[in-house]
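To keep things clear, I will list the structure first and then write my remarks on it.
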Amino acid sequence: MTGPVVVGVGSNIDPEHHVATALEDLRAQGLELEVSPWYRSPAIGLGEGAGDFINLAALFPWPRPLADLKALLRRVEEAHGRTRLPSGRWISRTLDLDLLVARNLIDPAMRLPHPDLGRFAHVAVPVADLIGSHTHPQLGCTYAQLAARLDASVLKRIEVAL
Ligand SMILES: Nc1ncnc2c1ncn2[C@@H]1O[C@H](COP(=O)(O)OP(=O)(O)OP(=O)(O)O)[C@@H](O)[C@H]1O
Ligand SMILES: Nc1nc2c(c(=O)[nH]1)N=C(CO)CN2
């Protein structure tokens with residue numbers, strides 16, 4: 001599949017470091033990233049004591065199969081020491097890289113467009129910053145309209161000196 005993709009980036013363990021270096025890692029692969037603003041928000045669903053997340057989204061052209069991109073994202077997560085529990089239980093993470101949108105593709109098995117776009121402002125808002133005027137291929141609304149339905153009051157935009 002050729003075309004633009006959007007990847008969500010999140011971290012709640014040393015998040016400034018992991019998010020900044022994850023973007024460097026992706027750029028080092030030759031990817032020309034357009035990056036949304038960065039947002040800080042309390043961790044959802046990880047219990048008391050979990051650190052705040054930083055979330056953002058990155059848009060870039062991907063000319064190869066999506067399976068190759070998924071594998072690349074997984075490798076970068078692992079290089080950042082991302083751990084997963086065998087139970088699949090949600091835990092704090094050094095780095096989460098999620099493929100959220102791939103052009104107009106609808107593929108439920110690949111979770112495209114990603115269902116979290118309709119659930120969480122920390123996912124939908126940075127995507128809307130990048131492709132807000134594009135139409136969600138399943139829902140028929142724009143990504144900006146989708147983000148506007150969610151409570152974004154918990155998101156604090158943070159200034160980054162790059
Ligand atoms: N705290 C949470 N509350 C609600 N849903 C959650 C929470 N944490 C994770 N999920 C859901 O579970 C999915 C997978 O969780 P997680 O990100 O921990 O796994 P993963 O190994 O990174 O999987 P993938 O990379 O395929 O998304 C998330 O995309 C989200 O839809
Ligand atoms: N604020 C915020 N909370 C979360 C996030 C995230 O990216 N941001 N990711 C999770 C697991 O995917 C669980 N909770």
Side-chain angles (χ1 to χ4, degrees), residues 4-62 66-102 110-132 134 136 143-144 146-162:
V5 296
V6 181
V7 168
V9 182
S11 168
N12 78 328
I13 298 174
D14 197 0
E16 287 86 355
H17 166 75
H18 284 291
V19 165
T21 51
L23 295 175
E24 284 171 15
D25 294 345
L26 293 173
R27 289 192 165 113
Q29 297 290 321
L31 299 173
E32 293 193 9
L33 308 185
E34 187 183 336
V35 177
S36 75
W38 296 27
Y39 295 93
R40 185 185 297 279
S41 60
I44 295 174
L46 299 185
E48 259 181 52
D52 285 354
F53 270 82
I54 292 177
N55 290 102
L56 57 86
L59 168 73
F60 51 94
W62 182 261
L66 289 180
D68 293 359
L69 176 56
K70 294 274 240 186
L72 169 63
L73 298 179
R74 188 83 179 207
R75 279 200 303 278
V76 175
E77 285 178 341
E78 277 163 12
H80 284 254
R82 165 75 185 267
T83 50
R84 289 179 172 77
L85 295 179
S87 65
R89 195 166 62 78
W90 300 316
I91 54 170
S92 290
R93 66 265 330 264
T94 51
L95 186 62
D96 203 7
L97 296 174
D98 290 329
L99 177 57
L100 300 175
V101 178
M110 287 195 89
R111 307 186 83 207
L112 286 171
H114 202 291
D116 286 358
L117 283 161
R119 299 170 70 205
F120 299 119
H122 63 258
V123 181
V125 169
V127 170
D129 289 333
L130 293 170
I131 56 165
H134 296 208
H136 187 295
Y143 288 100
L146 192 57
R149 289 180 199 160
L150 299 166
D151 176 11
S153 63
V154 289
L155 299 186
K156 300 276 173 280
R157 192 167 156 162
I158 56 178
E159 298 306 324
V160 277
L162 291 177

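As a basis for the values below, the full set of heavy atoms in this structure was taken, side chains included, without hydrogen atoms, waters or symmetry mates.
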Quiz prompt | Gap between atom CD1 of Ile158 and atom CD1 of Ile54 - 0.5 Å precision | solution = 4.0 Å
Quiz item: Which distance, rounded to the nearest 0.5 Å, do you find between the CG of Leu117 and the CG of Leu150?
Solution: 9.0 Å
Practice problem: Test Arg119 against His114 for side chain to side chain contact (heavy atoms under 4.5 Å, CB included), laying out the working first. | Solution: CA-CA 10 Å; Arg119 299 170 70 205; His114 202 291; over 6 Å; no
Self-check item: Inter-residue atom distance Asp96.CG - Leu73.CG, 0.5 Å rounding
Solution: 10.0 Å
Self-check item: Test item: His80 side-chain N/O and Arg82 main-chain N/O as donor-acceptor pair under 3.5 Å
Solution: no
Self-check item: Check: Arg93 side chain, Ile91 main-chain N or O, donor-acceptor pair, under 3.5 Å
Solution: yes
Quiz item: In Å and rounded to the nearest 0.5 Å, what is the CG to CG distance from Leu72 to Asp25?
Solution: 9.0 Å
Self-check item: Nearest-0.5 Å distance that lies between atom CG in Asp129 and atom CD in Glu34
Solution: 10.0 Å
Quiz item: How far apart are the C-alpha atoms of Leu97 and Val9, what are their side-chain angles, what is the distance that settles it, and do they pass the side chain to side chain contact (heavy atoms under 4.5 Å, CB included) test?
Solution: CA-CA 5 Å; Leu97 296 174; Val9 182; 3.8 Å; yes
Quiz item: So, the side chain of Asn12 versus the backbone of Ser92: is there a donor-acceptor pair under 3.5 Å, distance only?
Solution: no
Self-check item: Main-chain N/O of Thr94 paired to Ser11 side chain as donor or acceptor, under 3.5 Å
Solution: yes
Practice problem: On the 0 to 90° scale, with breaks at 30° and 60°, tag the His122-Phe120 ring pair as parallel, tilted or perpendicular. | Solution: parallel
Quiz prompt | Any Asp52 side-chain heavy atom under 4.5 Å of Pro15 side chain | solution = no
Exercise. Go through Tyr143 and Val6 one step at a time and tell me if the side chain to side chain contact (heavy atoms under 4.5 Å, CB included) criterion holds.
Key: CA-CA 12 Å; Tyr143 288 100; Val6 181; over 6 Å; no
Exercise. Go through the steps for Arg27 and Val35 under the test side chain to side chain contact (heavy atoms under 4.5 Å, CB included), then give the verdict.
Key: CA-CA 11 Å; Arg27 289 192 165 113; Val35 177; 3.6 Å; yes
Exercise. Kindly compute the distance separating CG (Leu31) from CG (Leu69), expressed to the nearest 0.5 Å.
Key: 8.0 Å
